[in-house]
Trainee: 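Okay, here's the structure, questions in a sec.
Here is the naming used below: chain letters follow the sequence lines, and residue numbers restart at 1 for every chain.
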Amino acid sequence: MDPGGRDLPVFSRDILSGPAVEAAHSLVGAHLVRGSGPDERRGRIVEVEAYVGQEDRASHARFGQTKRNAVMFGPPGVAYVYLVYGMYSCLNVVVEPEGRAAAVLIRAVEPLSGAAAMRSARLASAMARTGRHGRAAEAGAARSVAALPESALAAGPGLVCAAFSIDRRHDGADLCQPGSDLRLESDGSGVPAIEAGPRIGIGYAPEPWRSRPWRFFVRGNPAVSRGLGR
DNA sequence: GCAAAGATTTGCT
DNA sequence: GCAAATCTTTGCC
């Protein structure tokens, strides 16, 4: 149940089985939900990126099927979670029919409920990273997390996973299953203005892939990553 | 079997 | 604004 007391349906797997760019666009405004009852963490997706298939030279699928990206080749509505830069997890939603390797990266989420739990999870993640650098580093990180505005708790792909405690154990989890611990729900109320732009962090990809406007975000939303598009 | 780079974030110069 | 942190995955020898 969302903060407005509404009971929302899980996100439609049919929509996710459609073309990646369309699926990405429709995921903006949907809810990402972890847990239920008083422990529920819920946020509104405000930024995504589409990775359209093996032909997309920016996609992890560009080398064909490997152990890491295997779930991208499977059925839609399933989580593809990978580790980037040895430190951060990133959450994707597998899209398009089974056999087509496409996914949508969830880049940013605006907290709707469970913000305190998200902040604790961010703190736990920061402690794990700074622990070996000593007490002073830990104290500094704790202050930084405590000072974050609510809108910044999941304002980036690595931060979404930190705030929702998502890691590679969730790789392959079904996000369209009612009652699942980690799931997508649709918010019928819709989103005002969705803007499109080039994807972030894919400078290694040749044109035309590098410039394709396949990043979608809610214009002016403070939870969009790194101030992009505000 | 080894070298290189990465769909990021953070903190310091 | 830039570089470091950190480790898995991929590509090539």
Trainee: C:dA3 and B:dA5: how far apart are their P atoms, nearest whole angstrom?
Mentor: 15 Å
Trainee: If we count only N and O atoms by modelled type, under 3.5 Å, do the side chains of A:S211 and A:E207 hold a donor and an acceptor together?
Mentor: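 Distance-only check passes for A:S211 and A:E207.
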Trainee: Looking only at heavy atoms, which two atoms of A:E47 and A:S225 are closest? And how far apart?
Mentor: OE1-N, 2.8 Å
Trainee: When you check every protein heavy atom under 4.0 Å of nucleotides 8-13 of chain B, what one-letter string (B, S, -) results, 5' to 3'?
Mentor: BBSS--
Trainee: Decide whether A:D187 and A:H31 meet the rule of one side-chain donor and one side-chain acceptor closer than 3.5 Å.
Mentor: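 Per modelled atom types, A:D187 and A:H31 side chains form a pair under 3.5 Å.
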Trainee: Taking Watson-Crick (N1-N3 plus N6-O4 or O6-N4) and G-U wobble (N1-O2, O6-N3), each under 3.5 Å, can you produce the dot-bracket string of DNA chain C? Use [ ] for crossing pairs and | for inter-strand ones.
Mentor: |||||.||||||.
Trainee: Taking all non-hydrogen atoms of both residues into account, name the closest pair between A:E40 and A:G35 and its distance.
Mentor: CG-O, 3.9 Å
Trainee: Quiz question: by atom type and distance under 3.5 Å, do the side chains of A:T130 and A:E138 form a donor-acceptor pair?
Mentor: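 No, because no side-chain N or O of A:T130 sits under 3.5 Å from a partner of the opposite role on A:E138.
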Trainee: Hey, what are the protein-to-nucleotides 9-12 of chain C N/O distances that come in under 3.5 Å?
Mentor:
from, atom 1, to, atom 2, distance (Å)
C:dT10, OP1, A:T66, OG1, 2.6

Trainee: Between B:dA5 and A:Y204, is there a base-stacking contact, meaning the centre of the base's six-membered ring lies under 5.5 Å from the residue's ring centre while the planes stay under 30° apart?
Mentor: no
Trainee: Can a cation-pi geometry be assigned to A:R13 and A:F11, taking NZ or CZ under 6.0 Å from the six-membered ring centre and within 45° of the ring axis?
Mentor: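 Geometry flag: not set, cation outside 6.0 Å or 45°.
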Trainee: Is the NZ or CZ atom of A:R168 positioned over A:Y80's six-membered ring, under 6.0 angstrom from the centre and within 45° of the axis?
Mentor: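 So A:R168 doesn't make the cation-pi contact.
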Trainee: Carefully, step by step, assess A:Y88 and A:L83 under the rule side chain to side chain contact (heavy atoms under 4.5 Å, CB included).
Mentor: CA-CA 5 Å; A:Y88 300 101; A:L83 191 68; 5.7 Å; no
Trainee: Check this for me: does any side-chain nitrogen of one of A:R44 and A:E110 sit under 4.0 Å from a carboxylate oxygen of the other?
Mentor: yes
Trainee: Please work out if A:A58 contacts a base, only the sugar-phosphate, or nothing of the nucleic acid, heavy-atom cut-off 4.0 Å.
Mentor: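 If one applies the 4.0 Å heavy-atom cut-off, A:A58 turns out to touch a base.
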Trainee: Could you measure between the two P atoms, the one in B:dA7 and the one in C:dG1, and give it in whole Å?
Mentor: 23 Å
Trainee: From A:S113 OG over to A:D2 CG, what is the distance, rounded to the nearest 0.5 angstrom?
Mentor: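 The OG atom of A:S113 sits 8.0 Å away from the CG atom of A:D2.
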Trainee: Does the ring center of A:H60 lie less than 6.0 Å from the ring center of A:Y51?
Mentor: no
Trainee: Let me know the distance between CZ of A:R57 and P of B:dA7, rounded to the nearest Å.
Mentor: 13 Å
